[in-house]
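Beneath this line is the structure, given in structure tokens, with notes to follow.
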Number of protein chains: 2
Amino acid sequence: MTSEVQLAMSTQVAAHLRAQILSGTMPPGDRIRQEVVAEQFGTSRLPVREALRMLAAEGLVELEPNKGARIPRLDEHEVSLLYTMRERLEPLALIESIPHLTDEQIDELRLIQLRIEADTELRDFLVLDREFHMLTYSGCDSEHLLGTVRRFWNTTQHYRRAFMEVSGPRRMWIVNAEHNLILDAIERRDAEDAERYLAGHIRRTRIELLRHPEVLVAPSTAPHRTARSTASGGPQPLD
Amino acid sequence: MTSEVQLAMSTQVAAHLRAQILSGTMPPGDRIRQEVVAEQFGTSRLPVREALRMLAAEGLVELEPNKGARIPRLDEHEVSLLYTMRERLEPLALIESIPHLTDEQIDELRLIQLRIEADTELRDFLVLDREFHMLTYSGCDSEHLLGTVRRFWNTTQHYRRAFMEVSGPRRMWIVNAEHNLILDAIERRDAEDAERYLAGHIRRTRIELLRHPEVLVAPSTAPHRTARSTASGGPQPLD
DNA sequence: TGTCTTGAAAGTGGATCCATTTCTTACTAC
DNA sequence: GTAGTAAGAAATGGATCCACTTTCAAGACA
């Protein structure tokens with residue numbers, strides 16, 4: 001009698017699609033057809049429909065009546081605005097979180113940052129960077145705030161990747177420096193300082209991003225491209 | 001051949017439930033059973049399930065696997081934090097909106113404010129107040145920002161009502177004064193000023209709300225109360 | 001008398017089948 | 001040769017039926 005919770009099928013499907021979208025396997029503009037996904041999982045289309053609703057709630061797909069789901073494509077202004085929204089909300093999440101962070105969590109933060117500095121793989125960086133920030137917010141006990149922050153990260157994920165691909169290692173150095181500033185402030189439990197550094201970090205990222213308009217134009221070659229079958233045949237949760 | 005768009009059933013069900021929740025007919029803590037709602041609409045449970053997913057995305061209900069849907073109940077800290085989130089995001093929506101507002105929209109804003117000042121019905125106030133603020137944001141063309149703002153309003157709606165019920169007419173005067181400050185700034189197209197007044201308006205509302213802890217405790221008498229049938233038998237979109 | 005167990009009832013999750021809408025393509029008329 | 005139209009294909013939306021989980025209450029046993 002294991003303590004495994006029997007996850008609903010729709011939740012599993014959602015997790016798989018979420019991983020694919022966040023990992024970039026399915027870029028913005030791609031259409032998601034219920035039947036194709038259902039076949040991949042060997043289920044009916046019903047859990048797929050529910051999964052798509054979940055993802056729509058997280059801002060990962062957009063649904064249009066009688067037209068199905070597709071991965072939203074953002075223009076330059078929308079991406080910039082999303083970063084501005086992050087700049088206003090994430091410092092709040094950090095303020096809420098810091099008093100409740102355990103010493104162990106701060107130790108792990110330091111560990112993650114060391115791994116970021118040691119590793120140079122782009123894919124690892126994207127995952128670790130997200131882990132780092134989310135862990136700094138993990139002391140925040142408001143699901144509304146955390147959910148909103150997560151949604152912002154989700155919707156901008158593809159553009160983060162594209163941005164990191166075009167910006168050189170210099171960008172990585174800057175991020176590391178800024179992470180360390182935030183981390184030091186957290187270790188001192190100095191919420192005010194941490195807030196300032198975080199807001200600056202997001203703000204500078206946004207400004208830097210706007211200097212690379214090539215990542216902000218249509219990322220998918222063919223418009224209305226359809227995602228047929230993906231490389232992996234089964235679910236492999238990433239997030 | 002009318003130009004009526006045939007709305008999906010799930011959308012209609014969602015609109016009806018949304019109206020009921022926002023109007024207070026179904027208070028926080030109430031459980032929503034798929035079968036009951038399906039009967040009311042003469043449909044199967046399937047569109048109800050999809051409607052519940054939509055509402056969950058808007059923060060109006062919370063879903064637990066194998067346990068169904070219920071209207072979330074917020075504690076004092078959560079409500080306070082939601083107001084703080086509003087204080088940070090809504091001024092941004094206003095800044096984005098003001099340059100795109102038409103003169104006609106500003107005229108209508110003035111009209112709504114006059115109606116608020118003329119009317120004394122609580123129910124009307126809640127509707128008009130929401131209309132006022134949403135109209136000030138209507139120039140903002142980002143669905144992400146608008147959607148987030150709407151979600152915050154939705155989740156706090158019940159506590160807004162409870163708060164207005166206990167606070168006297170003095171509270172209304174203050175709101176009117178603050179609305180007029182915001183409105184004047186908008187008419188001057190002074191985004192900076194409008195932002196300041198709006199942030200102050202939300203901040204003061206939060207502080208005032210925290211002075212009435214009686215509206216923040218469990219609003220529904222019996223825990224796990226079930227909403228059987230409601231007064232109205234059919235859909236009557238409010239929002 | 002209190003607690004644990006068991007079984008029935010209620011309710012949600014999923015599969016299959018059918019209806020309706022939308023998109024595509026081929027054909028016709030100008 | 002081009003544009004408009006209609007028919008067929010493809011994909012989504014909904015209804016009904018079945019399976020599994022949760023819950024609650026009644027009864028048995030310590």
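All chains are named by letter (A, B, ...) in the order of the sequence lines, taking the proteins before the strands, and each is independently numbered beginning at 1. Treat the numbers as computed from the prediction; the structure is a model and nothing was measured.
In this structure B/Asp141 satisfies the side-chain contact (heavy atoms from CB on, under 4.5 Å) test together with A/His77, sequence neighbours excluded. In terms of the salt bridge (Lys or Arg N to Asp or Glu O under 4.0 Å) criterion, B/Glu62 has no residue partners (sequence neighbours excluded).
Note on ring orientation: taking the six-membered ring where Trp is involved, the planes of B/Trp153 and B/His133 are tilted (angle from 30° to 60°).
One finds the OG1 atom of A/Thr148 at 10.5 Å from the CD atom of A/Glu90 (value rounded to the nearest 0.5 Å).
Contact annotation: A/Gln34 does not reach the phosphate of D/dA10 (side-chain N/O to OP1 or OP2, under 4.0 Å).
The interatomic distance linking A/Lys67 (NZ) with D/dT12 (P) rounds to 13 Å, in whole Å. Counting to the nearest Å, the P atom of C/dA9 and the CZ atom of B/Arg33 are 16 Å from each other. Summarising the geometry, the separation between CD on B/Glu39 and P on C/dA10 is reported as 13 Å, rounded to the nearest angstrom. Between the CZ atom of B/Arg31 and the P atom of C/dA10 there is a distance of 13 Å, given to the nearest Å. Protein atom CE of B/Met9 is 13 Å distant from nucleotide atom P of D/dG13, rounded to whole Å. Note: CZ (A/Arg53) to C1' (C/dG13) measures 16 Å, nearest angstrom. Nucleotide D/dG13 holds its P atom 13 Å from the CD atom of A/Glu35, rounded to whole Å.
Remark: B/Thr43, B/Ser44, B/Leu46, B/Pro47 in residues 42-52 of chain B come within less than 4.0 Å of DNA chain D through at least one heavy atom.
Proximity note for A/Asn66 (side chain, C-beta onward) versus D/dT12, C/dG13, C/dG11: the nearest is D/dT12.
A salt bridge is defined here as a Lys NZ or Arg NE, NH1 or NH2 lying under 4.0 Å from an Asp or Glu carboxylate O, and B/Arg150 with B/Glu58 fails to meet this definition.
Here the two rings, on B/Phe152 and A/His144, have centers that are 6.0 Å apart or farther.
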